[in-house]
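Let me begin by presenting the structure, written as structure tokens, before commenting on it.
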Amino acid sequence: MDTEIELKFLVSDNEVPLIPALITQFAKRVNNKPAKNLQNAYYDSPSRELRALDIGLRTRCLDDNCEQTIKLSGEVVGGLHQRPEYNLPLSGNKPDIFAFDSSIWPMGMRLESIAENLYPIFSTNFIRRTWLIETDNGGKIEVVLDKGEIAARGKVDPICELEIELVEGDRADLFDLAEQLLSHIGLRLGFYSKAARGYRLADDLPLTVDKAIGFVPLSDDCTQEQALMATVNYAIEFVQKHEQCYVNEPSLKALKRIIDGVRLIRHAFWLFSDFVAKESTEALKKELKWLLGELQWVESASYLKTYTSKRHAYYKRIHNAPELAHVIGDLKDVQPTPTDLEDLFHCARYNRLILALTRWLLEKSWRQNWDQNAIKAAQSSAKSQAKKSFDSDWKNLRQTFSENKTMLVSEYLNTREILENMLLSGNCFGSLFEASQRHDFRAPWMDIVFGIHELETLHYLKQLCEGQKEQSFTDILSWLQQKADFLVSAMEQSRHASLNCEPYW
């Protein structure tokens, strides 16, 4: 068995010619291997039993030599892929899964049934160029450039990937080479394998934008440190998924989900601050703040999209006020374009951030300079910490949203951060508790957050209208006030219902 430890990058065609020279600059020695034309087929049963177990079964032929490969469930953190891999020679074209050692298969796997129903799901065919490099530290890294296509059901998806795999030595060499490449060419860290892309193509299951950020999967007995690692890893995956969603089909929703993922990472640093020292996250937080700044325009862009959508009541009002429609049109014209966003996702600073988060997680950088209190906190129960955190949030919410006062628009707008942080804590720890009770508690608070977003949409349009003397602007301001009053009335009902909810923890 081999365990792949590799970083995967997506590269554009115009950057490909720059790669050989960069590798030579980094390496002490370079062995340039002949290019290969690789023909690959991926197999599964009609019910996708291997896919359900996160197992990849591939045949690969080069000239008259064929092999079969099993890749078992592994770990993907950022762009770093780590998976157990088994390779065997193959005499025919169809794989023989009984040839592999029986001990590699998961318990209870129906091997005979799967073997009877195997058929080729999709193919990947590409030209592979390979360089084996030796680093100054004595490590060995294989650099692979694959250029070709994935094919399934008459559809194709292009492949242009650069993979750097640690063959021997320290994993730090892998990250150092990645830094060198990112500094000189526009690469994007690749989260999805060729197999994952092939299955999506074959089964016509394109990536779709999540409606909201979900709950971090945690085991009931996990420690705080395990919860931290699971949360940051989940958030990195969430960011990378929606980055790819945006590249596939640009949308403001995809960018909002990227923002959600970034905020979850920052929240995790704060939530686990008993053992995650500020010094270990200072540089990361600075870069996360930069990325949020680059995406700051998304919120106002969402307001503008709402105003110009025929599905919303705003459209008719604004359509009858040409001056306001013109202002909104001008604001939309200066928004970043999909090309601008693709440049962001390919830029060195963005990819260095994803790489730095990956490295921070893999090297457990928060453990530097730990004292006994930090060790004790890290090893303590995540569920106990969740209850303490939720108790504190609940006390804060009951003070902020006290039943003894009436809340106005401005007061609701000022509570957004408190509410969103409470909900993010729930995203981190919520899977440790019963789902239906968790939902019943969170639902009215989420209604209030949605109401606050609606109030902000109204407020932004109000700012665009204020100071204008035309009657159409005055009419819109009056209409906005009516809508705000109605919305606050509904939110007041949700607030009182929320305060009477039974805590689920």
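Everything quoted here is computed from the prediction, not taken from an experiment.
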If you take all heavy atoms of [X] and [Y], which pair is closest and at what distance?
X	Y	result
Leu264	Cys428	CD1-SG, 3.6 Å
Phe429	Ala386	CG-CB, 3.4 Å
Pro20	Trp131	CG-CZ2, 3.8 Å
Leu207	Cys245	CB-SG, 3.8 Å
Val239	Val262	CG2-N, 3.8 Å
Thr223	Gln379	CG2-O, 3.6 Å

Assess whether side chain to side chain contact (heavy atoms under 4.5 Å, CB included) is satisfied between Glu243 and Phe345, documenting all intermediate values. CA-CA 7 Å; Glu243 170 200 320; Phe345 296 142; 3.7 Å; yes
Mind checking side chain to side chain donor-acceptor pair (under 3.5 Å) for [X] and listing every partner two or more places apart, or none if nothing turns up?
X	answer
Asp260	Arg257
Arg266	none
Gln244	Arg188, Asn248

Separation of [Y] [atom2] from [X] [atom1] (nearest 0.5 Å):
X	Y	atom1	atom2	result
Leu57	Ile70	CG	CD1	4.5 Å
Thr231	Ile236	OG1	CD1	11.0 Å
Leu432	Leu218	CG	CG	5.0 Å

Tell me if a side-chain donor or acceptor on [X] pairs with a main-chain N or O of [Y] at a distance below 3.5 Å.
X	Y	value
Ser300	Trp297	yes
Asp371	Asn373	yes
Ser280	Ala277	yes
Ser365	Leu361	no
Trp370	Trp366	yes
Ser425	Asn421	yes
Gln224	Ala377	yes
Asp343	Asp340	no
Ser431	Val216	yes
Thr281	Leu284	no

For residues 277-302, pull every pair meeting salt bridge (charged side-chain N to carboxylate O under 4.0 Å, His left out), keeping only residues two or more places apart or in separate chains.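 Residue pairs with at least one partner in residues 277-302: Glu287-Arg349, Glu299-Arg416.
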Filter on salt bridge (charged side-chain N to carboxylate O under 4.0 Å, His left out), then keep only pairs touching residues 152-161, sequence neighbours left out; what's left?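 Pairs touching residues 152-161 that pass the test: Lys8-Glu161, Lys155-Asp204, Asp157-Arg197, Glu161-Lys194, Glu161-Arg197.
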With no hydrogens and no angle check, do the side chains of [X] and [Y] hold a donor and an acceptor under 3.5 Å apart?
X	Y	answer
Tyr199	Asp44	yes
Asn40	Thr124	yes
Thr135	Asn137	no
Thr59	Gln68	no
Thr308	Lys332	yes
Asn65	Glu67	no
Ser183	Arg352	yes
Gln39	Asn37	yes

One thing to verify: whether [Y] and [X] come together as a salt bridge, which I'm taking to mean a side-chain N less than 4.0 angstrom from a carboxylate O.
X	Y	result
Arg367	Glu225	yes
Lys241	Asp210	yes
Arg51	Asp203	no

With a 4.5 Å heavy-atom cut-off, do [X] and [Y] have their side chains touching?
X	Y	value
Ile164	Phe9	yes
Tyr246	Pro338	yes
Ile150	Ser123	no
Thr130	Arg128	yes
Lys33	Glu142	yes
Leu50	Ser45	no
Ile354	Gln240	yes
Cys222	Lys383	no

Please determine whether the number of non-hydrogen atoms from other residues, nucleotides or ligands lying under 6.0 Å from atom CZ of Arg110 exceeds 12.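 It does not: Arg110 CZ has 12 such atoms or fewer within range.
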So does Glu363 have more than 12 non-hydrogen atoms from other groups sitting under 6.0 Å from CD?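 Atom CD in Glu363 is crowded, with more than 12 foreign heavy atoms closer than 6.0 Å.
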Intermediate values then yes/no, side chain to side chain contact (heavy atoms under 4.5 Å, CB included), Leu177 and Leu7: CA-CA 10 Å; Leu177 175 55; Leu7 284 164; over 6 Å; no
For the residue pair [X] and [Y], categorise the inter-ring angle as parallel (less than 30°), tilted (30 to 60°) or perpendicular (more than 60°).
X	Y	result
Phe269	Trp360	perpendicular
His267	Trp270	tilted
Tyr303	Tyr460	tilted

For Glu15, run the side chain to side chain contact (heavy atoms under 4.5 Å, CB included) check against Leu22, Leu187, Leu181, Ile185 and tell me which one passes.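 Only match with Glu15 under side chain to side chain contact (heavy atoms under 4.5 Å, CB included): Ile185.
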Here's one to test your reading of the geometry: is the NZ or CZ of Arg438 within 45 degrees of the ring axis of Phe215 and under 6.0 Å from its centre?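 Yes - Arg438 lies over the ring of Phe215, closer than 6.0 Å to its centre and within 45° of its axis.
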Please report the C-alpha distance between Leu145 and Val11 in whole Å, then the side-chain angles of each, then the deciding distance to 0.1 Å, and finally whether the side chain to side chain contact (heavy atoms under 4.5 Å, CB included) criterion is met. CA-CA 9 Å; Leu145 176 66; Val11 56; 4.1 Å; yes
Using the side chain to side chain contact (heavy atoms under 4.5 Å, CB included) rule, take Met446 and Leu423 through it: C-alpha gap first, then chi angles, then the decisive distance, then the call. CA-CA 8 Å; Met446 292 180 75; Leu423 292 171; 4.0 Å; yes
Under the side-chain contact (heavy atoms from CB on, under 4.5 Å) test, which residues partner Ser302, sequence neighbours left out?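 side-chain contact (heavy atoms from CB on, under 4.5 Å) check on Ser302 returns Leu252, Lys256, Val298.
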